[in-house]
Amino acid sequence: MVQAAILGASGFVGAELLRLLAAHPHIRAARLFGDSQAGEALDAVHPHLALAYPDAKVERFEPSALDGIDLVFAALPHGHSQRLAGDILGRGIPFVDLGADFRLKDSAEYERWYGEPHEAPELLDRFVYGIPELHREAIRGAKAVAAAGCYPTSAILALKPLMGLIDPASIIVDAA
């Protein structure tokens, strides 16, 4: 059984991840981190998860708490994953970022889109863009995965079969 830690377990994305992992046969959410609600029982933070995680508590993150962890998911606010990823990857623990911190490979593009410099540009090329329909084999062997966002995923999967048939410069995606 893969022992997973979730950074940001007290937020919306963390709750959705916990919901999905509750039914996963091979991954166990072993450590749940969330600074703003550290010390609280998970059922007080996410009542709908009480039956799936009856004794779980939200903890304040400390790198030493990753001992015995096989996989880390980051469900953190924008900009936070890039501050922690280097240490986690340096420990040899696979890392999945559910935020946008590692989706772009170029730090100049990151700054252009997000209006601030990337704090760990040396890590950008280590992350595989996490759309399994396009990068299944790369994801399978990756130690660092940047989960794609919902808007890019919907556009990419819809447009991929049309590449080569249409002029890419003519594409406009209007998503709301």
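As the structure is a computational prediction, the values presented were derived from the model and not from experiment.
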Requested in this report: Look at the side-chain heavy atoms of Ile, Leu, Val, Met, Phe, Trp and Tyr, link any pair under 4.5 Å apart, and say whether Y129 and V173 land in one connected group.
Outcome: no

**Report entry** Path from L104 to I156 over hydrophobic side-chain contacts below 4.5 Å
**Finding:** no

Requested in this report: May I ask you to check whether E109 and Y114 show a side-chain donor-acceptor distance below 3.5 Å?
Outcome: no

Requested in this report: Indicate if I93 and I6 have the same hydrophobic cluster label, given that clusters are the connected sets of ILVMFWY residues with side-chain heavy-atom separations under 4.5 angstrom.
Outcome: no

Query raised in the report: For G8 and L76, which heavy atoms make the closest approach, and how far apart are they?
Result: N-CD2, 3.7 Å

Report summary line: Heavy-atom closest pair (D167 atom, S170 atom, distance to 0.1 Å) is O-OG, 2.6 Å

Requested in this report: Evaluate whether atom CG of D125 has more than 12 neighbouring non-hydrogen atoms of other residues, nucleotides or ligands under 6.0 angstrom away.
Outcome: yes

Query raised in the report: Around atom CG of L165, are there more than 12 heavy atoms of other residues, nucleotides or ligands at under 6.0 Å?
Result: yes

Report task. Just say parallel, tilted or perpendicular for the rings of Y110 and H78, cut-offs at 30° and 60°. Result -> parallel

Report summary line: On a heavy-atom basis, the closest approach of V13 and A75 is CG1-CB, 3.7 Å

**Report entry** E119 side, atom CD; R83 side, atom CZ - distance, nearest 0.5 Å
**Finding:** 4.5 Å

Requested in this report: Taking the six-membered ring for Trp and the full ring for Phe, Tyr or His, determine whether the centres of Y53 and H46 are under 6.0 Å apart.
Outcome: no

Query raised in the report: From F102 CZ over to F95 CZ, what is the distance, rounded to the nearest 0.5 angstrom?
Result: 6.0 Å

Report task. Check the pair F33 / L66 against side-chain contact (heavy atoms from CB on, under 4.5 Å), numbers first and verdict last. Result -> CA-CA 11 Å; F33 301 106; L66 295 177; 4.3 Å; yes

Query raised in the report: Closest heavy-atom contact between A142 and V128?
Result: CB-CG2, 3.7 Å

Requested in this report: With rounding to the nearest 0.5 Å, note down the distance linking OG1 in T153 to CD in E133.
Outcome: 8.0 Å

**Report entry** Whether D70 side chain and Q3 backbone form a donor-acceptor pair below 3.5 Å
**Finding:** yes

Report summary line: Here the gap from I27 atom CD1 to L21 atom CG, rounded to the nearest 0.5 Å, amounts to 5.5 Å

Query raised in the report: Taking atom NZ of K143 as the centre, does the number of heavy atoms from other residues, nucleotides or ligands within less than 6.0 Å exceed 12?
Result: no

Report task. Could you go through the side-chain contact (heavy atoms from CB on, under 4.5 Å) check for H24 and H26 one step at a time? Result -> CA-CA 6 Å; H24 198 288; H26 304 294; 3.7 Å; yes

Query raised in the report: Are F12 and L17 side-chain neighbours, meaning at least one heavy-atom pair lies under 4.5 Å?
Result: no

Query raised in the report: Do L42 and V58 touch side chain to side chain, with heavy atoms closer than 4.5 Å?
Result: yes

Query raised in the report: Is R31 salt-bridged to E59, going by a charged N under 4.0 Å from an acidic O?
Result: yes

Query raised in the report: How far apart are the C-alpha atoms of L49 and D43, what are their side-chain angles, what is the distance that settles it, and do they pass the side-chain contact (heavy atoms from CB on, under 4.5 Å) test?
Result: CA-CA 6 Å; L49 296 171; D43 62 2; over 6 Å; no

Query raised in the report: How many angstroms lie between atom CG of D174 and atom OH of Y151, to the nearest 0.5 angstrom?
Result: 10.0 Å

Query raised in the report: Can you find a heavy atom in the side chain of D67 that is under 4.5 Å from one in the side chain of R91?
Result: yes

**Report entry** Steps toward side-chain contact (heavy atoms from CB on, under 4.5 Å) verdict (I131, I139)
**Finding:** CA-CA 8 Å; I131 297 182; I139 293 168; 5.9 Å; no

Query raised in the report: Would you say the side-chain atoms of D101 pair up with the backbone N or O of S81, donor to acceptor, closer than 3.5 Å?
Result: yes

**Report entry** Minimum heavy-atom distance between S10 and G34, given as atom pair plus value
**Finding:** OG-CA, 3.8 Å

Query raised in the report: Transitively linked via ILVMFWY side-chain contacts under 4.5 Å: I88 with L32?
Result: no

Requested in this report: Inspect the surroundings of CD1 in I166 and state if more than 12 heavy atoms from other residues, nucleotides or ligands are less than 6.0 Å away.
Outcome: yes

Query raised in the report: Could you state the interatomic distance from NE2 (H118) to CD (Q82), rounded to the nearest 0.5 Å?
Result: 4.0 Å

Query raised in the report: With hydrophobic residues grouped by side-chain heavy-atom distances under 4.5 Å, do V145 and F73 end up in a single group?
Result: yes

Query - Heavy-atom pair with the smallest gap, counting every atom of D87 and P63 - result: OD2-CB, 3.5 Å

